[in-house]
Amino acid sequence: MFLGLDLGTSSVKALLMDDRQRIVASASADMHVARPHSGWSEQDPAEWITGTSAALDGLKASHPKELAAVKGIGLSGHQHGATLIDKADNVLRPCILWNDTRSFKEAAELDANPAFHKIAGNIVFPGFTAPKLVWVKNHEPEVFGRVAKALLPKDYLRLWLTGEHVSEMSDASGTAWLDVGRRCWSDELLAASGMRDDQMPSLVEGSAVSGVLRAELAARYGMSGSVVVAGGAGDNAASAMGMGTVRPDAAFVSLGTSGVLFVSNAAYAPNPASAVHAFCHAIPDTWHQMGVILSATDALNWQGNLLGRKPAELTEGLGDLAAPSSVVFLPYLSGERTPVNDANIRGAFIGLEHVTGAQDMTRAILNGVAFAFRDSLEALKVAGTSPSRVTAVGGGAKSRLWLEAIATVLNLPVDVPADGDFGAAFGAARLGLLAATGADPLVTCAPPNIAETIDPNQALRPAFEAGYQRYRKLYPALKGI
């Protein structure tokens, strides 16, 4: 048996998989995000341990024999979070999360240093880890002076599991400290943000062994022998492992809290000017590019909270795909990454009138997120990547209407996997299998069976193209005010 642990922004999930890659069981626990100020987003790392323990206790209660048979554990987690610990491994402050934009000034200062584009191969976004540490240095110097290690969220979970300070290439790519082409920490980039190499965890590939489960935890869950813990992956690379998006030009579109258009690459192909992320993949000698939007299903969650309804209820009764109306939604609730790299821009509805109702606004949200994905596709094309089709993943992919809008806006077929869980927890379990067995990643990480393919609605293509062109004009107008 193999165990995948996925530390998400809103929940932690534990998934059991057997050696034939059949999902046996899963359990989860909710996480909470604190937003003490505008643009801030934090979590208490102690909650990650509590939630993971609860999920594992749930598996022990429901499937004790299967959990006891685990031989390999893989980790996935939300990226970029600054988890700061002292010499005794005590947490110094709440983790500053991926969608926290307080360090936009520090990010701009680092980004002005040509070394970051040259070595890290990416824009220094405010959500990345390096500018967060500069912010801490500037605003919380006592905390900064006590930092012994800067860990990413899933790597703090690894510390609890194994006692080791280790990260891996895909997650480390999102810090702005990694030499992404050479797959190692850059002393030059660390020094530019006031950090040292000894404050970094050691690095392994995502499919390699990073440590062994601590004896007390193995005993708690009835495990025997040495249970290895894989390097794992950042959440998007882990989703790619679960989806089998590991061969060149394979692509997926992820409708999670954030949105991702992800393409696997056989070679390192940075293009910072496009605002596309160029990161290491979770397996050796493989990279990936992705466009990232900060609010995908989060936009629908926001509307649901406002109206007191569940997100799924908002899309019920909308009917078939229809041409965009006069109402346009810009999903910049937490700023935006690809392609604008703007931490200060905020969301907006444009074109509201007396007859506008909740359903009109829901359609505008679905379309606005689809238009944001189109922005990412255009940026990927500038970066030299043009996928021929995408596979849908994430909670929002349960909405066929949303997938129809995305297929039509992107003018690409969208493949819908057959029923199953092919997300980050499954990808993490696959990495646990690879670390424990040394199996071939390309054979192990096969793509799922496809239940159906949603083709672009060619009759509505002109209307959606016109809607997208209108959408494109709104960001510059909003930025100006």
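Computed from heavy atoms alone, side chains included, the values below leave out hydrogens, waters and symmetry copies.
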Practice item. Using modelled atom types only, decide if a donor and an acceptor are shared between the side chain of Thr101 and the backbone of Pro126 within a distance under 3.5 Å. Key: no

**Study point:** Any pair counted as salt bridge (Lys or Arg N to Asp or Glu O under 4.0 Å), so long as it reaches residues 106-125, sequence neighbours left out
**Key:** none

**Study point:** Intermediate values then yes/no, salt bridge (charged side-chain N to carboxylate O under 4.0 Å, His left out), Arg220 and Asp57
**Key:** CA-CA 9 Å; Arg220 174 176 172 179; Asp57 288 343; 3.2 Å; yes

**Study point:** Flag if over 12 foreign heavy atoms under 6.0 Å of CG, Asp198
**Key:** yes

Review point. With a 4.5 Å heavy-atom cut-off, do Val12 and Trp48 have their side chains touching?
Key: no

Check your understanding: If you round to the nearest 0.5 Å, how far is CG of Leu3 from CG of Leu213?
Key -> 9.0 Å

Practice item. Report yes or no: does Arg430 contribute a side-chain atom to a donor-acceptor pair with the main-chain N or O of Met241 at less than 3.5 Å? Key: yes

Check your understanding: Looking only at heavy atoms, what is the nearest atom pair of Leu178 and Cys280, with distance?
Key -> CD2-SG, 4.0 Å

Practice item. Please examine the side chains of Ser193 and Leu189, heavy atoms only from C-beta on, and report whether any two atoms are closer than 4.5 Å. Key: no

Practice item. Report the C-alpha distance between Leu159 and His165 in whole Å, list the side-chain angles of each, state the deciding distance to 0.1 Å, and finish with yes or no for side chain to side chain contact (heavy atoms under 4.5 Å, CB included). Key: CA-CA 6 Å; Leu159 176 62; His165 303 102; 3.7 Å; yes

Practice item. Please round to the nearest 0.5 Å and tell me the distance separating atom CZ of Arg214 and atom OG1 of Thr162. Key: 8.5 Å

Revision key, fill the gap. Distance col, row Asp415:CG vs Leu403:CG, nearest 0.5 angstrom, shows 10.5 Å

Practice item. Determine yes or no for a side-chain-to-main-chain donor-acceptor pair under 3.5 angstrom, with Thr297 supplying the side chain and Thr257 the backbone. Key: yes

**Study point:** Interatomic distance, Glu140 atom CD to Arg146 atom CZ [nearest 0.5 angstrom]
**Key:** 11.5 Å

Point to revise | Side-chain touch Pro201/Leu151, heavy atoms, less than 4.5 angstrom | key: yes

Review point. For residues Arg102 and His139, is any side-chain donor paired with an opposing acceptor at under 3.5 Å?
Key: no

Check your understanding: Is Asn122 reaching over with its side chain to a backbone N or O of Ala278, donor-acceptor style, under 3.5 angstrom?
Key -> yes

Practice item. Carefully, step by step, assess Asn138 and Trp135 under the rule side chain to side chain contact (heavy atoms under 4.5 Å, CB included). Key: CA-CA 5 Å; Asn138 293 340; Trp135 184 93; 5.8 Å; no

Please tabulate, for side-chain N and O atoms in residues 66-78, each donor-acceptor pair with protein atoms closer than 3.5 Å (sequence neighbours left out).
| unit_1 | atom_1 | unit_2 | atom_2 | d |
| --- | --- | --- | --- | --- |
| Ser76 | OG | Asp6 | OD1 | 2.9 |
| His78 | NE2 | Gln43 | OE1 | 3.4 |

**Study point:** Leu110 side chain near Phe128 side chain, heavy-atom distance below 4.5 Å
**Key:** no

Practice item. To the nearest 0.5 Å, tell me how far Ser258 OG sits from Asp298 CG. Key: 8.5 Å

Review point. In terms of side-chain geometry, is the basic nitrogen of Asp155 or Arg158 positioned less than 4.0 Å from the acidic oxygen of its partner?
Key: yes

**Study point:** Heavy atoms of other groups near Glu216 CD, more than 12 under 6.0 Å
**Key:** yes

**Study point:** Arg309 side chain to Leu306 backbone, donor-acceptor under 3.5 Å
**Key:** no

Check your understanding: Taking atom CG of Asp249 as the centre, does the number of heavy atoms from other residues, nucleotides or ligands within less than 6.0 Å exceed 12?
Key -> no

Check your understanding: So Leu217 and Val227, side chain to side chain contact (heavy atoms under 4.5 Å, CB included) or not? Walk me through it.
Key -> CA-CA 10 Å; Leu217 288 176; Val227 180; over 6 Å; no

Review point. Do Thr175 and Trp185 pass the side chain to side chain donor-acceptor pair (under 3.5 Å) test, and can you show the C-alpha distance, the side-chain angles, and the key distance before you say yes or no?
Key: CA-CA 10 Å; Thr175 62; Trp185 296 121; over 6 Å; no

Point to revise | Lys398, NZ: over 12 other non-hydrogen atoms inside 6.0 angstrom | key: no

Revision key, fill the gap. Result for side-chain contact (heavy atoms from CB on, under 4.5 Å) between Val166 and one of Val204, Val209, Val229 points to Val204

**Study point:** Atom CZ of Arg247 with >12 non-hydrogen neighbours under 6.0 angstrom
**Key:** no

Exercise for review: Could you check Phe373 against Leu255 for side chain to side chain contact (heavy atoms under 4.5 Å, CB included), going step by step and ending with a plain yes or no?
Suggested key: CA-CA 10 Å; Phe373 279 123; Leu255 276 162; 3.6 Å; yes

Exercise for review: Before accepting this row, confirm whether a basic side-chain N of the pair Asp100/Lys132 lies closer than 4.0 Å to the acidic partner's carboxylate O.
Suggested key: no

Review point. Do Leu300 and Thr315 come within less than 4.5 Å of each other through their side chains, counting heavy atoms only?
Key: yes

Review point. Do the non-hydrogen side-chain atoms of Leu294 and Leu333 ever get within less than 4.5 Å of each other?
Key: no

Review point. Looking at OG1 of Thr286 and CZ of Arg183, how far apart are the two atoms once the value is rounded to the nearest 0.5 Å?
Key: 6.5 Å

Point to revise | Polar side-chain atom of Glu47 near backbone of His32 as donor-acceptor pair, under 3.5 Å | key: yes

Point to revise | Backbone N/O of Gln199 and side chain of Lys149: donor-acceptor pair under 3.5 Å | key: no

**Study point:** Side chains of Trp177 and Thr129, donor plus acceptor under 3.5 Å
**Key:** no

Review point. Are the side chains of Glu168 and Lys154 in touch, meaning some heavy atoms are under 4.5 Å apart?
Key: yes

Exercise for review: May I ask you to decide if Ala269's main-chain N or O and Gln289's side chain share a donor-acceptor pair within less than 3.5 Å?
Suggested key: yes

**Study point:** Mutual orientation of the aromatic rings belonging to Phe252 and Phe262 [parallel < 30°, tilted 30-60°, perpendicular > 60°]
**Key:** parallel

**Study point:** Trp287-Ser173 side chain donor-acceptor pair, cut-off 3.5 Å
**Key:** no

Check your understanding: Where the side chain of Thr245 meets the backbone of Ala251, is there a donor-acceptor pair that is under 3.5 Å apart?
Key -> no

Point to revise | Flag side-chain contact, heavy atom, 4.5 Å: Pro153 against Cys95 | key: yes

Point to revise | Verdict with reasoning, His277 to Phe125, per ring-ring contact (aromatic ring centres under 6.0 Å, His included) | key: CA-CA 10 Å; His277 297 38; Phe125 292 92; 4.8 Å; yes

